[in-house]
Enquirer: 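Let me begin by handing over the structure; questions about it come next.
Within every chain, numbering begins at 1; the chains are lettered A, B, ... in the order of the sequence lines, protein sequences first and strands thereafter. Computed from a prediction, not measured in an experiment: that's the story for all the values here.
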Protein chains: 2
Amino acid sequence: MKSTGVTIADVAREAGVSPMTVSRALREPERVSAKALKQITAVVDRLGYQPDPYAQALAAGRTNVIAVIIPSVTNNVFADVMRGIYAIFEGTRWQVQLGNSRYSADLEEALTRTFLRQRPAGMIVTGIDQTAVTRQLLADAPCRLVQIMELGDTPIDMMVGFSHREAAQDATRHLLDRGYKRPGFIAARIDPRTQRRRLGFEDVARQSGVYDPNRIITTLEPSTVTLGGRLMAQMLEQSPDTDSVLCNNDDLALGALFECQRRGMTVPDRVGICGFNDLEMMAAAYPTVTSVKSYREEMGRQASTMLLQTLNDDEPTTPIVDLGFDIITRESTTRTFDDK
Amino acid sequence: MKSTGVTIADVAREAGVSPMTVSRALREPERVSAKALKQITAVVDRLGYQPDPYAQALAAGRTNVIAVIIPSVTNNVFADVMRGIYAIFEGTRWQVQLGNSRYSADLEEALTRTFLRQRPAGMIVTGIDQTAVTRQLLADAPCRLVQIMELGDTPIDMMVGFSHREAAQDATRHLLDRGYKRPGFIAARIDPRTQRRRLGFEDVARQSGVYDPNRIITTLEPSTVTLGGRLMAQMLEQSPDTDSVLCNNDDLALGALFECQRRGMTVPDRVGICGFNDLEMMAAAYPTVTSVKSYREEMGRQASTMLLQTLNDDEPTTPIVDLGFDIITRESTTRTFDDK
DNA sequence: CAACAGAATGATAGCGCTATCATTTGTCAA
DNA sequence: TTGACAAATGATAGCGCTATCATTCTGTTG
């Protein structure tokens with residue numbers, strides 16, 4: 001039943017002090033005399049003592065768990081966010097624990113319950129579209145929280161993100177500025193963020209008089225490069241005069257690019273392509289692909305830093321952070337002529 | 001200091017039984033009378049009781065944690081493995097906990113210690129190149145273990161993987177079979193698996209008399225599509241007559257493809273390209289790209305299933321599983337002529 | 001109907017740690 | 001040297017649960 005075997009009592013005995021002093025030496029060394037500290041440290045090292053995190057959690061009533069809920073572990077976008085989160089918490093006493101909601105609000109609710117049962121020290125959750133119950137759970141939780149990826153008017157606590165709708169608006173405007181007259185929009189895995197991007201596309205398309213529902217193709221399927229090709233093919237079949245596409249993400253954009261090449265339709269001259277997220281590969285593609293850059297790793301870092309501040313009893317200066325976005329213009333939307 | 005507030009004692013009081021009976025009702029319902037069970041279940045639901053996992057762990061001396069150590073969270077390959085792992089454990093009482101060794105054996109050792117301190121119910125670790133200390137820690141651990149990704153002669157416990165060296169041998173042979181005479185090898189983020197793939201390439205290159213150290217380019221940088229382009233460029237500069245490349249992974253292969261296109265070198269006629277892992281995008285690229293398919297998600301599923309069996313006190317029928325690999329031949333190595 | 005096996009339940013004692021408060025030790029001014 | 005006060009340490013009592021064993025309650029049998 002025993003684990004490592006070495007308990008705080010063993011250390012205390014060997015060091016000739018009480019368990020309480022050992023406990024202190026480990027957590028608040030400044031409250032222990034230099035002599036005792038040295039003694040204890042030596043024994044800890046010699047015995048290889050490691051505190052039992054469960055006993056600590058139970059006795060102290062709090063944990064060192066940072067619970068993170070993301071919709072997908074296989075999506076590059078969240079992988080980047082995670083890298084930012086790990087970058088901040090690695091080497092600290094906080095332990096990141098990952099939960100995967102698989103784009104389901106119900107699963108997210110269940111996950112939230114599971115996590116809260118563990119009394120996390122802090123939480124990071126994705127997006128602003130939690131169920132009412134989840135929102136309530138999070139609001140009542142005895143820990144601080146950062147919502148990431150998006151911005152919204154009703155933050156539960158803290159927030160780091162950017163406006164997907166505005167980003168899509170700007171990207172659509174970019175296509176029009178580049179002389180494209182009949183832009184389309186393709187999207188897969190319709191989640192709330194995707195929806196807002198579509199709205200952004202529609203905003204600008206409508207207001208510029210180029211809106212055509214036949215140039216909007218969405219599907220619930222998970223997004224892949226192959227699917228990008230398929231959606232592009234569908235677009236060109238149902239609206240052959242489409243001269244550009246805003247893709248909901250870079251996988252789709254890459255697939256669309258390949259599909260155009262396969263059909264001998266030159267990019268950017270015959271078809272302009274704009275992706276979303278600006279994954280690393282977009283700059284390496286041939287032709288290079290324009291994309292909406294989002295600051296994903298920075299988002300993870302910011303969220304973690306803010307959480308860390310609250311854990312140290314500092315209030316972050318800005319509890320709501322807009323990281324913005326940038327349209328990274330590349331060859332795929334840079335025509336060599338204008339078909340006016 | 002209290003958490004949810006509702007403890008097992010509260011439930012017991014309300015249900016008019018002892019805490020012990022509640023504890024039993026929750027974990028071994030068949031050992032409790034139907035009447036008591038119904039009573040208790042009702043109270044649990046009404047009060048929304050959730051057992052405290054820390055108290056459970058401390059009292060029972062075991063946990064429901066499955067510890068998984070992978071070298072990277074942002075690498076598609078491991079994302080796929082994780083998907084397989086989650087697929088098996090989701091919905092069970094086991095909780096997957098992820099650790100990121102960032103391709104460092106020392107970090108892996110530290111992580112292993114951290115995880116073992118938590119007395120996981122089972123572990124999944126990547127590869128076979130642990131430090132001696134890590135190996136010892138794992139061997140002594142009071143839980144079962146699966147090593148994934150590779151095969152080796154000295155498994156610590158169970159193992160699911162495939163031979164990277166043989167895979168690279170086959171891929172190299174494939175290039176030669178397709179009529180390529182001067183194959184090269186490019187690799188980034190040199191980890192032990194990459195090394196073995198290089199050995200596989202060298203095996204066949206040597207034995208076919210086409211070995212040329214100037215056609216092997218490796219770097220410690222993390223692998224990206226952009227880097228694939230750069231390494232390909234370097235290859236074509238230092239060995240301009242290279243007529244094909246085996247890429248250590250698909251990101252590099254895609255970068256190499258783009259670089260060739262940028263230089264107007266036709267793929268597959270002027271240069272053949274073979275990737276490794278067979279990520280989804282390889283089938284969508286233009287031209288489609290040949291790659292060594294590895295069964296990553298299946299690897300995660302197998303490892304998890306085996307672990308689950310041991311957790312249920314069944315011994316898996318095969319503790320060492322070779323999932324093999326397949327060369328998926330596509331356009332990028334299908335020449336329309338033979339330059340013999 | 002006594003006797004008894006087996007099922008159901010409960011009392012007790014921790015798991016390894018920390019919060020709290022009491023006690024001891026050390027330091028310094030008067 | 002003494003008293004006052006702070007610093008250092010320790011004794012005690014749980015945190016919420018489960019393992020273990022003792023007890024009580026069935027139901028069955030001769």
Enquirer: Please confirm whether the shortest side-chain N or O distance from B:Ser23 to OP1 or OP2 of D:dT18 is below 4.0 Å.
Expert: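 For D:dT18, OP1/OP2 do have a side-chain N/O of B:Ser23 under 4.0 Å.
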Enquirer: Would you indicate, yes or no, if D:dC17 has its OP1 or OP2 atom less than 4.0 angstrom from a side-chain nitrogen or oxygen of B:Gln56?
Expert: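 No.
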Enquirer: List every contact pair, protein side and nucleotides 10-13 of chain D side both N or O, where the distance is under 3.5 Å.
Expert:
{"residue": "D:dG10", "atom": "OP2", "partner": "A:Ser18", "partner atom": "N", "Å": "2.8"}
{"residue": "D:dG10", "atom": "OP2", "partner": "A:Ser18", "partner atom": "OG", "Å": "3.1"}
{"residue": "D:dG10", "atom": "OP2", "partner": "A:Thr21", "partner atom": "OG1", "Å": "2.7"}
{"residue": "D:dG10", "atom": "O6", "partner": "A:Arg24", "partner atom": "NH2", "Å": "2.4"}

Enquirer: Ignoring backbone atoms, establish whether A:Arg62 has a side-chain N or O less than 4.0 Å from OP1 or OP2 of C:dC17.
Expert: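 No.
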Enquirer: Would you please confirm or rule out a distance under 4.0 Å between OP1 or OP2 of D:dC15 and any side-chain N or O of B:Thr7?
Expert: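 False: B:Thr7 side-chain N/O out of range (4.0 Å or more) of D:dC15 OP1/OP2.
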Enquirer: At under 4.0 Å, does any side-chain N or O of A:Arg31 touch on OP1 or OP2 of C:dT18?
Expert: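 So the side chain of A:Arg31 is outside the cut-off, no N or O lying under 4.0 Å from OP1 or OP2 of C:dT18.
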Enquirer: Does the side chain of A:Gln309 reach to within under 4.5 Å of the side chain of A:Met158, using non-hydrogen atoms?
Expert: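 Of all side-chain heavy-atom pairs linking A:Met158 with A:Gln309, none is under 4.5 Å.
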Enquirer: Can you check nucleotides 23-28 of chain C for protein contacts, nitrogen or oxygen pairs under 3.5 Å, and list what you find?
Expert:
none

Enquirer: Can you name the atoms? Protein N/O to nucleotides 25-28 of chain D N/O, anything below 3.5 Å, with the distance.
Expert:
none

Enquirer: OP1 or OP2 of C:dT9 versus the side-chain N and O atoms of B:Ser33: is any pair under 4.0 Å?
Expert: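 Looking at the OP1 and OP2 atoms of C:dT9, one of them is under 4.0 Å from a side-chain N or O of B:Ser33.
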Enquirer: Taking NZ, NE, NH1 and NH2 as the nitrogens, is one of them in B:Glu315 or B:Arg144 under 4.0 Å from a carboxylate oxygen of the other?
Expert: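 Yes, B:Glu315 and B:Arg144 are salt-bridged.
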Enquirer: Indicate, with a heavy-atom threshold strictly under 4.0 Å, whether B:Ala57 touches base, sugar-phosphate, or nothing.
Expert: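 If one applies the 4.0 Å heavy-atom cut-off, B:Ala57 turns out to touch nothing in the nucleic acid.
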Enquirer: So, for B:Ala15 and B:Gln39, which heavy atoms are closest and what is the spacing to 0.1 Å?
Expert: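 It is O-CG, 3.5 Å.
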Enquirer: Could you pick out which residue, B:Glu28 or B:Tyr54, lies toward the 5' side of DNA chain D when each is mapped onto its nearest nucleotide?
Expert: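 Here B:Tyr54 is the residue nearer the 5' end.
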